[in-house]
Q: 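I'd like to ask you about the structure that follows.
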Amino acid sequence: MNFFTKILSLLLGFAFFSLFINNGVVFVHALPKFYPELQSLNRADDAVIKQLHRTRFHFQPRRHWINGPMYFNGIYHLFYQYNPKGAIWGNIVWAHSVSRDLVNWKALKHAIYPSKPFDINGCWSGSATVLPGNKPVILYTGVDPQNRQVQNYAIPANLSDPYLTDWIKPDDNPIVDPDSGVNASAFRDPTTAWLSNSGHWKTIIGSKRRKRGVAYLYRSKDFVKWTKAKHPLHSAPNTGMWECPDFFPVPLSGKQGLDVSVTGNWVKHVLKVSLDVTRYEYYTVGKYYHERDRYVPDNTSVDGWSGLRYDYGNFYASKTFYDPAKKRRVLWGWANESDSAVDDISKGWAGIQAIPRTVWLDPNRKQLLQWPVEELNGLRGKQVKMSHQKLYKEQHVEVKGITAAQADVEVTFSFSSLDKAEPFDPSWVDAQAVCGKLGSKVQGGVGPFGLLTLASENLQEFTPVFFRIFKAHHNHVVLLCSDATSSSLKKDGLYKPSFAGFVDIDLSSKKLPLRTLIDHSVVESFGGGGKTCITSRVYPTKAVFGDAHLYVFNNGSEAITVDYLSAWSMRSATIN
C-alpha cells in the first residue's frame with residue numbers, strides 16, 4: 001500500500017486541533033475509512049505498546065491513534081482527535097493534554113465527543129478565539145443527522161479552572177448552516193476569528209466549488225449570529241477542497257508574532273490551506289484589504305499546487321497561533337505514519353505531532369522562516385563538536401559520542417567554489433522528482449553533501465539529509481533532500497519517498513546551514529536557516545536505539561568542509 005493509498009483510504013480527514021488560547025487553532029476533518037476488522041484485533045485493554053520506532057521528544061499519547069494544540073493564562077492546551085480503542089481511525093474523541101513549555105505534556109480527561117444533534121455524526125476541526133473579558137470560545141465543525149457539515153461553538157464550563165477541563169456545547173448550535181450556495185459536504189474548519197475596526201468578528205471556513213478551493217468569509221457582531229459575506233476572502237482554481245485554512249499577519253521585519261486582528265501597512269498576511277486532493281499544503285504571502293475583506297497574494301507567491309509549503313515531507317493539517325507570553329507565532333503540524341494500518345495495529349500507536357516551530361517573515365518578504373521553539377533546547381544533553389572537517393568525494397565521517405537515534409544536530413557546510421555545479425534543467429519544477437532521480441548515491445559536482453541519519457554501521461540502512469547545488473542560466477539552484485529510499489530493509493508496507501524542496505538562499509558566503517532533529521522514527525530538518533523544512537517518517541530495522549549511527553558525508557567532486565557542527569543527545573520529554 002503506497003502513501004497516498006493509505007492516506008486517502010485510512011487517514012482521510014483526521015482532525016488535528018491546535019488551540020492556543022489567546023488565539024487558537026484546531027484542525028481538519030474529512031470522511032475517513034473505518035476498519036472495524038482491524039479495530040477488533042487490538043483492544044485497549046490488551047494492546048502491546050511497542051517501543052521500537054516510538055518517538056521520545058515529539059508529542060504522542062502512550063497508545064493508539066492520534067493526530068492532532070491553545071494558550072490560556074500561562075498554560076498551553078493541546079486538543080487532538082484520539083481513538084481510545086485502537087491504533088487506527090475510529091471511535092474518535094477530543095483528547096486533551098496541557099503543558100507549560102510546549103515540550104512536556106500531561107494528559108487530562110477527554111474534552112469533547114459527539115453527543116448532540118448538531119454534531120452527532122462527528123466533532124470535526126475548528127479554532128479558538130479569546131473574547132473580551134478573557135473568555136475563550138471554540139468554533140468547530142459538527143456533522144448533523146443529515147451528514148451536513150455545520151459550524152458550532154463550545155465554551156469552558158468553569159473559567160476559574162486553570163486547565164479548562166470541562167467544555168459545554170450550548171443548545172443554540174449550530175451557529176452557521178451551509179446555505180443553498182454552499183456544498184454542505186465540503187464546509188469545514190473555521191479559523192481563529194479576528195476583530196475588525198468596525199466591531200465585527202470575522203472568520204473563514206474552508207470549502208470548494210467544483211474544483212475551485214474557497215475560503216468563505218463570515219461576520220458577526222456577537223459571535224453567535226454569523227452572516228456570510230458576498231464574496232469569499234479568497235479562492236483559487238483547480239485546487240480542490242481547502243481544509244484547515246489559516247490566515248494571520250506577520251510584520252515586515254523582525255521575528256515578533258502578531259495577534260490575528262492586527263492590520264496595517266507594516267504587515268503582510270499569510271493564507272495557508274491544506275489540500276484534500278493531494279494531502280499536502282501550500283501558502284501564499286500577500287495583502288489583506290480589510291475594508292473590502294479580500295486577500296490578494298503577492299506576485300512572488302504561486303497560488304496553487306506548486307506554491308510554497310511549510311514542510312515538503314510528512315506534514316499536514318497545520319495551524320499557527322499567537323503566543324502573547326513570548327510574542328511569537330507558533331506553527332503546529334501533524335506527521336502521519338508511513339507504514340501500513342496493520343503495522344500501526346501491531347505497534348499499538350499511530351501519529352505524532354511535529355515539533356512546534358516559531359515562524360516569521362523572511363527579510364526577502366517572499367516566504368516564511370521556521371525554527372523549532374526555543375524550549376526544545378532544554379532537552380539537550382551531552383554535546384559533541386566537529387570543525388574544519390574536510391569531506392572529499394565518497395567520504396563519510398562518523399559523529400561519535402551521542403545517542404544518534406535521539407539527537408539534535410546543527411551544522412554549517414562550506415565550499416570554496418561553485419564551478420563544478422551540475423547544470424540545472426529548467427523543466428525540473430518538481431523537487432521531489434529531482435531528488436528521486438539524483439539521490440545521495442548519485443555522484444555530483446557540488447553535492448550531494450549533508451548528514452546520514454539513522455544509519456546502520458555498514459550503511460545497509462540510512463536516511464540522508466543533503467544539499468545539491470546546480471547551475472541555472474542566471475543563478476544557482478539549491479536542492480534540499482530527505483530521502484527515505486534506503487531508510488529500512490523492510491520491503492512491504494512502507495512508503496519511502498525522496499522528499500525534497502528548493503532553497504531560495506544567497507550563496508555568496510559559500511555556506512549552507514542545516515539543523516536536523518532525529519527521534520527514532522522521525523527526521524525533521526530545517527535547511528538554509530529555516531527556509532526549507534522537511535519531515536520524514538522512517539522505520540529502520542537495524543539502525544535502532546544504540547545501533548544507530550550519524551555521519552557527515554560528501555558524494556560530489558567539489559570538496560566540502562564541515563565548518564562547524566554541534567550535536568546533542570536529546571533527553572526524553574515527559575508525556576503522559
Side-chain angles (χ1 to χ4, degrees), residues 1-7 10-11 38 41-42 47-58 60 62-65 87-88 313-314 335-352 354 396 398-400 402-409 435-436 439-441 450-466 481-499 516-525 534-553 555 567 569-570 572:
M1 181 183 296
N2 66 27
F3 173 73
F4 285 106
T5 302
K6 181 183 178 184
I7 291 304
L10 169 63
L11 298 179
L38 295 180
L41 292 177
N42 208 1
V48 176
I49 309 305
K50 295 186 178 180
Q51 299 305 308
L52 184 67
H53 302 140
R54 187 172 177 84
T55 63
R56 300 301 194 274
F57 58 88
H58 286 73
Q60 61 181 134
R62 180 175 175 269
R63 65 175 66 198
H64 299 327
W65 188 92
I88 58 173
N314 280 27
N336 56 292
E337 302 299 317
S338 290
D339 57 2
S340 69
V342 173
D343 289 327
D344 294 343
I345 291 292
S346 176
K347 66 181 188 275
W349 53 269
I352 67 168
H396 59 275
E398 186 168 5
V399 180
K400 297 181 178 180
I402 60 166
T403 54
Q406 191 170 323
D408 183 356
V409 187
C435 182
S440 64
K441 298 176 184 178
L451 302 174
L452 302 179
T453 73
L454 295 174
S456 59
E457 188 172 11
N458 58 3
L459 296 184
Q460 289 178 289
E461 294 179 332
F462 61 95
T463 300
V465 182
F466 62 92
C481 295
S482 182
D483 188 357
T485 304
S486 301
S487 62
S488 178
L489 292 176
K490 183 179 177 182
K491 302 296 184 183
D492 299 325
L494 295 186
Y495 175 55
K496 298 187 284 188
S498 304
F499 286 135
T516 295
L517 305 173
I518 306 161
D519 195 3
H520 298 276
S521 66
V522 59
V523 178
E524 200 168 345
S525 299
I534 306 176
T535 299
S536 291
R537 299 300 311 277
V538 294
Y539 308 89
T541 61
K542 293 182 176 292
V544 298
F545 302 122
D547 293 326
H549 299 262
L550 173 67
Y551 302 89
V552 289
F553 84 99
N555 199 18
S569 295
M570 293 292 280
S572 298

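Please read all numbers here as calculations on a predicted model, not as lab measurements.
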Q: Has Glu457 got more than 12 heavy atoms of other residues, nucleotides or ligands less than 6.0 Å from its CD?
A: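 12 or below, so no.
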Q: Are any of the side-chain heavy atoms of Thr55 and Gln60 separated by less than 4.5 Å?
A: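 The answer is yes, as the side chains (C-beta and beyond) meet within the 4.5 Å cut-off.
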Q: If you define the side chain from C-beta out and look only at heavy atoms, does anything of Phe57 sit under 4.5 Å from Asp408?
A: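 Answer no - side chains too far apart.
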Q: Assess whether atom CG of Asn458 is packed by more than 12 heavy atoms of other residues, nucleotides or ligands within 6.0 Å.
A: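 Yes, because the 6.0 Å sphere around CG of Asn458 holds more than 12 heavy atoms from other groups.
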Q: What's the shortest heavy-atom distance between Ala407 and Met570, and which atoms?
A: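 Looking at all heavy atoms of both residues, the closest pair is C-CG, 3.6 Å.
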Q: Return the minimal non-hydrogen interatomic distance between Phe462 and Leu452, and the atom names on each side.
A: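 Shortest heavy-atom separation between Phe462 and Leu452 comes out as CD1-CD2, 3.7 Å.
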Q: Taking all atoms of both residues into account, what is the closest heavy-atom pair of Cys435 and Phe466, and its distance?
A: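 Reported closest heavy-atom pair: SG-CZ, 4.1 Å.
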Q: With side chains defined as the heavy atoms from C-beta onward, is the minimum distance between His520 and Phe545 less than 4.5 Å?
A: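 With C-beta onward as the side chain, the pair touches.
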Q: Would you say the side-chain atoms of Ser521 and Glu337 include a donor-acceptor pair closer than 3.5 Å?
A: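 No, Glu337 and Ser521 have no side-chain donor paired with an acceptor closer than 3.5 Å.
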Q: Can a side-chain donor-acceptor contact be found between Ser498 and Asp483 if the only test is distance below 3.5 angstrom?
A: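 Result is yes, a qualifying pair exists.
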Q: Provide the closest heavy-atom pair for Ile402 versus Ala567 in the form atom of the first, atom of the second, distance.
A: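 Shortest heavy-atom separation between Ile402 and Ala567 comes out as CD1-CB, 3.6 Å.
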Q: For a quick check under 3.5 Å, do Thr541 and Ser488 share a side-chain donor-acceptor pair by atom type?
A: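 No pair is found: no donor N or O on one side chain lies under 3.5 Å from an acceptor on the other.
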Q: Taking side-chain contact (heavy atoms from CB on, under 4.5 Å) as the criterion, tell me which of Leu454, Thr453, Thr463, Val523 meets it with Ser487.
A: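 Result: among Leu454, Thr453, Thr463, Val523, Thr463 is the only option passing the side-chain contact (heavy atoms from CB on, under 4.5 Å) with Ser487.
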Q: Is any side-chain N of the basic residue among Asp339 and Lys490 closer than 4.0 Å to the acidic one's carboxylate O?
A: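 Looking at Lys490 together with Asp339, the answer is no, because their closest N to O distance does not fall below 4.0 Å.
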Q: Apply side chain to side chain contact (heavy atoms under 4.5 Å, CB included) to the pair Val409 and Leu451, showing each step before the final yes or no.
A: CA-CA 9 Å; Val409 187; Leu451 302 174; 4.1 Å; yes
Q: Measuring from atom CD of Gln406 to atom CD1 of Ile518, what distance do you get when rounded to the nearest 0.5 angstrom?
A: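 With rounding to 0.5 Å, CD (Gln406) is 10.5 Å from CD1 (Ile518).
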Q: Any donor and acceptor pair, going by atom type alone, linking the side chain of Asn314 with main-chain N or O of Ala335 inside 3.5 Å?
A: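 No; judged by distance alone, with no hydrogens or angles, the pair does not exist.
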Q: As a quick check of understanding, evaluate side chain to side chain contact (heavy atoms under 4.5 Å, CB included) for Arg537 and Ile352, giving each step before the final call.
A: CA-CA 10 Å; Arg537 299 300 311 277; Ile352 67 168; 3.7 Å; yes
Q: Rounded to the nearest 0.5 Å, how far apart are CG of Asp519 and NE2 of His53?
A: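 Rounded to the nearest 0.5 Å, the CG-NE2 separation comes out at 12.0 Å.
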Q: Do Thr535 and Phe499 have side-chain heavy atoms sitting under 4.5 Å apart?
A: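 Thr535 does not reach Phe499 side chain to side chain.
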Q: With rounding to the nearest 0.5 angstrom, report the CD to CZ distance, Gln51 to Arg56.
A: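 Reported value, rounded in 0.5 Å steps: 5.0 Å.
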Q: Answer yes if the side chains of Ser536 and Ser482 hold a donor-acceptor pair under 3.5 Å, and no otherwise.
A: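 Side chains of Ser536 and Ser482: pair found under 3.5 Å.
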Q: Is a donor from one side chain sitting under 3.5 angstrom from an acceptor on the other, for Ser486 and Lys441?
A: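 Their side chains do contain a donor-acceptor pair, which is all the 3.5 Å distance test asks for.
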Q: Of the non-hydrogen atoms in Ala543 and Glu461, which two are nearest, and what is the gap between them?
A: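 Shortest heavy-atom separation between Ala543 and Glu461 comes out as N-OE1, 3.1 Å.
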Q: Ignoring hydrogens and geometry, is there a side-chain-to-backbone donor-acceptor pair from Tyr539 to Ser338 under 3.5 Å?
A: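 It does hold such a pair.
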Q: Any idea which heavy atoms bring Leu459 and Tyr551 closest together, and the distance?
A: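 What the structure gives for the nearest pair is CD2-CE1, 3.9 Å.
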